[in-house]
Each structure stands twice: as structure tokens, then as C-alpha cells.
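Some notes on the structure that comes next.
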Amino acid sequence: MTEKNGTADGIEQAAKTVSALCEALDHVLLGQKALVRDLVTGVLAGGHVLLEGLPGLGKTELAKGLSRLCRVAYNRVQFTPDLLPGDITGSFLLVQKESGRDFEFKEGPVFTNILLADEINRAGPKTQSALLQAMAERAVTVMGATRPLPDPFFVVATQNPIELEGTYPLPEAQLDRFLFKLHLGRPAKEVMAEIARDRVQGKPPELSPVLSLESLRDLIALGGRVHLSAAVAAYIARLVAASHPDEPDAPDAVKKYVRYGASPRAAIALASAARARSVMLGRPQAGFDSVEELFFPVMNHRLVLAYAARTDGVTAADVIAEIRKHTEPLSKPLPKGVSA
């Protein structure tokens, strides 16, 4: 059996497993099926996810539910203004041993599979930056010694809108480490009625694991083997390039309202997400439709808007919509010798 056929055979079964995971998460966070689907896509792509929304919408319970359903190690850090970098990465402690006193490294909560960084924008910039190396390299360095983190390692961070008092906006370098930024809106009245009726004291339902640690690793590896055609890759490149105001093909909204566009990391993220979405759909190769669906969660935290956007009431969502509208997949035949 060829690797391509083996991947196709495995994806069909993987899609059923991922569907069961999404259905279970739907019982944790009611009325947010699209968001749950995006969160699971981010996990299968091996990326970090930032959840933004007002307090009380279920961001924390969603992250906790994901860890229970995947049966992986989970730690939670409540970010506060007095939190120190060592409280996350770990630090050396002076301990008494038989040979005398010596320093011993005590691992911080970052040594886990899923780290819930709760209300990440309530801590100061120095503490926020303690996660940068962990998110980018899956390792931490303390006093010159670099220690790898468990495999897999994800950060699921929650934050309140930065306009609220007592919050610190995440720096662009750290925002760029997140694969997705997902927004939680207020649930519909019917959903709130169901929550009031069935969630006594807000307690979520009991969850039975759907995945093991090993099966989660296999799903992530399977996503990495999904075929990404030259045409889809070119479409991703054109979308990301169109976010830069100095790009000739950029729409007028970008040239007027964007100060800095997305980095190549956005193209990598979009390709990884499209592959992961293909696993969810049971497809052996990534499609243009997956790229279009995932373009917003990949890009909405990566654009740096100019001052004119604020004065004219233009948001990142407005600019992203214009990029999608004016950037179509290549319709011309591919160069000779290049397969789709």
C-alpha cells in the first residue's frame, strides 16, 4: 500500500473519531458548533488557540472539556498582575539532600500537554513573554538549561476584550504564535434557557474520554501527511500577500487601513489548518473551501491596522472580508509538470 493510499484509508476513520470529539464538546459549550469545530481544527494542526470573549461565556470550561475528552495532561494558570515568569516555566529551589544543600529544578505548569492560560491579558508583558519560547519551540530555558516540553503541547489561552479595565494587550510577536484567534459571542435566548434548565450551578456534564494521548498524536501526524496541491498553496500565498499595503494586488481597503500585514507564519498556519480541516472532513487533500473558511481565524489577530481604520470604524474583519472578496484561486492552468 502506498503512503498516499494509506493516508486516505486512515483519514476516513480519523474523521469519525474527530466527529465524536466535536459532538462531545458541543455538550460542553452549547450553541457554538462552528467555534468548537475551529478549536478542534487548531488542535489537529498542532497550533495554539486564543479564545476571546466576555466573562462567563464558557471559555475555561471549553478548554477543560477538551483535555478530559482527549485524556491528556492538563494544567491551568490563572494570569494575574502579580504572576511571575517562574510561576509558569518553573524555577530552581534550594533543597536539602544527603550530600548537602543543592539546587533542584521544579517544573512549572507549562510542562503539560494542554496549558490553559486563563485571562492571559491580565498579566503584565514580562509574564506574558514567558510563554513565547514555549509556544514557538515547545521548550523552555531556565538559567541556561533548555528543557523540552511534552509532546504534544498546546496553549489554549483565554482573554477578555482588551478595552476592559485592568487588561494588557498581547504584543504582536506573541499574537503571531497563536494559530487561531476565536471569538465567543453571547448565546441565543434558547441556548441560555437550556443552560439555566440543565446546568445546575453551572456544572458541565460528565465527559468520557474520546481520544488517548497516542491517538491524538496519530491524528496530528495524519494531518501533516495530507496533500496540499500547488494550486492551493499558491492561493494561500496570494491571500497572505494581499494583506500587505505595498502589494500591487492588495485591495484598496488594505492599502488604506492596514499598517502591517501578516508574516509568512500566517501562510504556514493557514496551510496547517487546511490540512487539519481535511482530516475532519475525511479528505486526503486540502481544498480551496477549507482555506477560505479558516482565513479569518488565522488572520484576524495578525493585522496591524492604521489609525485611519479606527477613525473610520473599520475592523480587521472588514479588511479580511475585502481580501477574500478580491483574491480568487488561480483559474489559469498550472505550469507544465506541476500537479494540482
Side-chain angles (χ1 to χ4, degrees), residues 38 41-42 45-50 52 132 135-136 162 169-183 224 226-278 283 285-340:
D38 286 345
T41 299
H48 311 292
V49 178
L50 178 61
E52 182 178 85
L132 273 176
M135 295 173 67
I162 60 175
L170 293 175
E172 286 76 13
Q174 187 160 5
L175 282 173
D176 204 30
R177 260 59 175 198
F178 285 100
L179 181 83
F180 289 160
K181 179 181 177 183
L182 306 177
H183 299 266
V226 168
H227 179 62
L228 186 79
S229 70
V232 174
Y235 183 42
I236 291 172
R238 294 174 65 237
L239 283 169
V240 175
S243 70
H244 292 268
D246 59 350
E247 181 70 20
D249 295 332
D252 292 339
V254 170
K255 295 177 180 179
K256 183 176 181 180
Y257 296 118
V258 175
R259 186 176 180 187
Y260 298 109
S263 72
R265 191 179 283 123
I268 296 171
L270 190 52
S272 298
R275 287 185 170 103
R277 180 57 62 88
S278 296
R283 298 175 179 174
Q285 67 176 18
F288 293 107
D289 56 343
S290 295
V291 172
E292 292 173 353
E293 288 177 8
L294 298 167
F295 185 54
F296 178 77
V298 166
M299 291 289 291
N300 74 109
H301 57 297
R302 289 185 161 95
L303 297 181
V304 179
L305 300 183
Y307 182 74
R310 175 174 294 185
T311 58
D312 291 353
V314 174
T315 65
D318 298 326
V319 175
I320 292 170
E322 287 298 307
I323 295 174
R324 283 185 53 185
K325 180 180 176 181
H326 288 85
T327 308
E328 296 293 334
L330 290 174
S331 57
K332 297 179 180 179
L334 294 173
K336 191 173 183 180
V338 177
S339 62

Kindly assign one of parallel, tilted or perpendicular to the pair H183 and F296, based on the angle between their ring planes and the thresholds 30° and 60°.
tilted
Is the closest side-chain heavy-atom distance between [X] and [Y] below 4.5 Å?
X    : Y    : answer
V258 : V304 : no
Y257 : D318 : no
K256 : P245 : no
D176 : R302 : yes

Between [atom1] on residue [X] and [atom2] on residue [Y], distance to nearest 0.5 Å:
X    : Y    : atom1 : atom2 : result
L305 : R310 : CG    : CZ    : 9.5 Å
E172 : L170 : CD    : CG    : 9.5 Å
F288 : E328 : CZ    : CD    : 10.5 Å
L270 : R265 : CG    : CZ    : 14.5 Å
D249 : I323 : CG    : CD1   : 12.0 Å
T41  : E293 : OG1   : CD    : 9.0 Å

[Y] backbone acceptor or donor facing [X] side chain under 3.5 Å:
X    : Y    : answer
S290 : A286 : no
R324 : I320 : no
S243 : L239 : no
S278 : Q285 : yes
D312 : A309 : no
H301 : F178 : yes
R275 : V226 : yes
H244 : Y260 : no

Let me see the working for N300 and F180 under side chain to side chain contact (heavy atoms under 4.5 Å, CB included), right down to the final yes or no.
CA-CA 8 Å; N300 74 109; F180 289 160; over 6 Å; no
Just do the side chain to side chain contact (heavy atoms under 4.5 Å, CB included) check on L50 and L182 with the steps written out, would you?
CA-CA 6 Å; L50 178 61; L182 306 177; over 6 Å; no
Consider side-chain contact (heavy atoms from CB on, under 4.5 Å). Of L294, V298, V49, which one does D38 pass it with?
L294
Name the residue from R238, E322, E292 that meets the side-chain contact (heavy atoms from CB on, under 4.5 Å) definition with T327.
R238
Could you walk me through whether V232 and V291 pass side chain to side chain contact (heavy atoms under 4.5 Å, CB included), step by step?
CA-CA 8 Å; V232 174; V291 172; 3.7 Å; yes
Counting only heavy atoms from other residues, nucleotides and ligands, does the tally under 6.0 Å from CG of D252 exceed 12?
no
List the atom of [X], the atom of [Y], and the distance in Å for their closest heavy-atom pair.
X    : Y    : answer
L303 : A316 : CD1-O, 4.4 Å
L228 : A271 : CD2-CB, 3.9 Å
A45  : S272 : CB-O, 3.7 Å

